[in-house]
Amino acid sequence: MSVKAKKHLGQHFLRDENIAKKIADSLSLNNYNKVLEIGPGMGVLTKYLLEKDIETYVIEIDTESVEYLKANYLNLAPRIIEKDFLKYDLNAVFNGESFAIIGNYPYNISSQIVFKTLDMRDQIPEFSGMFQKEVAKRICEKEGSKTYGILSVLTQAFYDAEYLFTVPPSVFNPPPKVDSGVLRLTRKENHTLPCDEKLFFKVVKQAFQQRRKTLRNSLKTFNLSDNLKANVIFGQRPEQLSVETFIELTQLIEQDA
């Protein structure tokens, strides 16, 4: 029995054992003893996780995949979560404990997976896995690049992001139309920001929504004082600002209130 890839779930099953092992080996296993794999499919990555000295959980929305995993990975069965990762409260399973996240992520929800990880950053010291290459590159991109954006800044505020390697379409069934890329996020030792974190998220999102405009224009809705808007930082466009400068910008806006 094998599982048929379902287009509406964005499934592309990895067939290459070496790549699956490389992805599993991208985890350092530091500071946690549990890992959650998102969308395991037929378990090509799962089996390498199960060889490690770590407690592996998987979350899978596809009932056919769940049946396959239960039949082929008997010792995993009690740790298969039959839920939608984006909608499920993971603390029903992890109860405040730390865990890593890994997976060959469905392209259509990969950004939302990162945003949910950021929401749970206090519990997730490490995150690795496969994205569409351009999304993986964007998450790891530095300021000054056209692809640097909301995902880059918000992720790198809390995690060190490394692009690890590129994966061609030919190793998937069915093959996607684009290359894939594997990345690793390692949470920073100090992952609290020296500014209002909710305001930081708002400032970054608002700035990049009109990325061609200077911050003076894109941040108009914050009703900033003329005195603050005279600061040279407001003459720049968002992609020119490093993560640190976005934090400084948020502090300036806080003090202006």
Check [X] against [Y] and note the closest heavy-atom contact, atom names and distance.
| X | Y | value |
| --- | --- | --- |
| A20 | V44 | CB-O, 3.6 Å |
| L49 | A24 | CD2-CB, 4.0 Å |
| V243 | V153 | CG2-O, 4.0 Å |
| P125 | S98 | CD-CB, 4.2 Å |
| S111 | V135 | OG-CG1, 4.3 Å |
| Q112 | N108 | OE1-O, 3.7 Å |

Under 4.5 Å between side-chain heavy atoms, counting indirect links through other Ile/Leu/Val/Met/Phe/Trp/Tyr residues: same cluster for [X] and [Y] or not?
| X | Y | result |
| --- | --- | --- |
| I124 | I113 | yes |
| L29 | F94 | no |
| V178 | V171 | no |
| V58 | I102 | no |
| L185 | M130 | no |

Exercise for the section: Applying side chain to side chain donor-acceptor pair (under 3.5 Å), name anything that partners Y32, two or more places apart in sequence or on another chain. Expected result: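 E126.
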
Is the shortest side-chain N to carboxylate O distance from [X] to [Y] below 4.0 Å?
| X | Y | result |
| --- | --- | --- |
| R237 | E143 | no |
| K34 | E97 | yes |
| K70 | E82 | yes |
| D25 | K52 | yes |

Practice task
Check for a donor-acceptor pair, side chain of S145 on one end and backbone N or O of E141 on the other, with a separation under 3.5 Å.
Solution key: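 Here the side-chain-to-backbone pair does not exist.
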
Problem - Donor-acceptor contact present, side-chain N190 to main-chain T192, <3.5 Å - result: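 It does hold such a pair.
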
Exercise for the section: Please step through side chain to side chain contact (heavy atoms under 4.5 Å, CB included) for the pair I253 and L224, ending with a clear verdict. Expected result: CA-CA 7 Å; I253 293 172; L224 307 170; 3.9 Å; yes

If you round to the nearest 0.5 Å, how far is [atom2] of [Y] from [atom1] of [X]?
| X | Y | atom1 | atom2 | value |
| --- | --- | --- | --- | --- |
| L164 | I23 | CG | CD1 | 9.5 Å |
| R187 | N30 | CZ | CG | 12.0 Å |
| D119 | L90 | CG | CG | 11.0 Å |
| N231 | L215 | CG | CG | 10.0 Å |
| L228 | Q255 | CG | CD | 9.0 Å |
| Y107 | E134 | OH | CD | 10.0 Å |

Exercise for the section: Starting from the C-alpha separation in whole Å, work towards a yes-or-no answer on side chain to side chain donor-acceptor pair (under 3.5 Å) for Q156 and K142. Expected result: CA-CA 9 Å; Q156 291 174 45; K142 294 293 181 203; 2.9 Å; yes

Is there a side-chain contact between [X] and [Y] (heavy atoms, below 4.5 Å)?
| X | Y | result |
| --- | --- | --- |
| F158 | E197 | yes |
| I233 | L249 | yes |
| E55 | L36 | no |
| L183 | F127 | yes |
| R216 | L219 | no |
| Y68 | E60 | no |
| T250 | I247 | no |
| R138 | Y148 | no |

Practice task
Go through Q123 and N91 one step at a time and tell me if the side chain to side chain donor-acceptor pair (under 3.5 Å) criterion holds.
Solution key: CA-CA 10 Å; Q123 277 174 263; N91 276 319; 2.8 Å; yes

Exercise for the section: Inspect the surroundings of NZ in K116 and state if more than 12 heavy atoms from other residues, nucleotides or ligands are less than 6.0 Å away. Expected result: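 Atom NZ in K116 is crowded, with more than 12 foreign heavy atoms closer than 6.0 Å.
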
Practice task
Give a yes or no on whether the ring-centroid distance for Y163 and F131 is below 6.0 angstrom.
Solution key: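 No - the distance between ring centres of Y163 and F131 does not fall below the 6.0 Å cut-off.
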
Exercise for the section: Indicate, with yes or no, if the rings of Y57 and F99 have centres closer together than 6.0 Å. Expected result: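 No: the rings miss the under 6.0 Å criterion.
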
Handout entry: Six-ring centre of F165, K22 cation under 6.0 angstrom, axis tolerance 45°
Key =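 Checked: cation-pi criterion met.
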
Exercise for the section: Establish, from distance only, whether the side-chain atoms of E37 and T46 form a donor-acceptor pair under 3.5 Å. Expected result: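 Yes.
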
Practice task
Please determine, by modelled atom types, if D160 and T186 share a side-chain donor-acceptor pair under 3.5 angstrom.
Solution key: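 No, no side-chain donor-acceptor pair sits under 3.5 Å.
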
Practice task
Could you check S225 against D256 for side chain to side chain donor-acceptor pair (under 3.5 Å), going step by step and ending with a plain yes or no?
Solution key: CA-CA 7 Å; S225 67; D256 193 53; 2.6 Å; yes

Problem - Where at least one partner belongs to residues 221-247, residue pairs that pass ring pair (Phe, Tyr, Trp, His ring centres under 6.0 Å), sequence neighbours excluded - result: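 The answer is F208-F246.
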
Problem - Pair K47-E17, salt bridge (charged side-chain N to carboxylate O under 4.0 Å, His left out): steps then yes or no - result: CA-CA 10 Å; K47 66 169 165 292; E17 297 288 336; 3.2 Å; yes

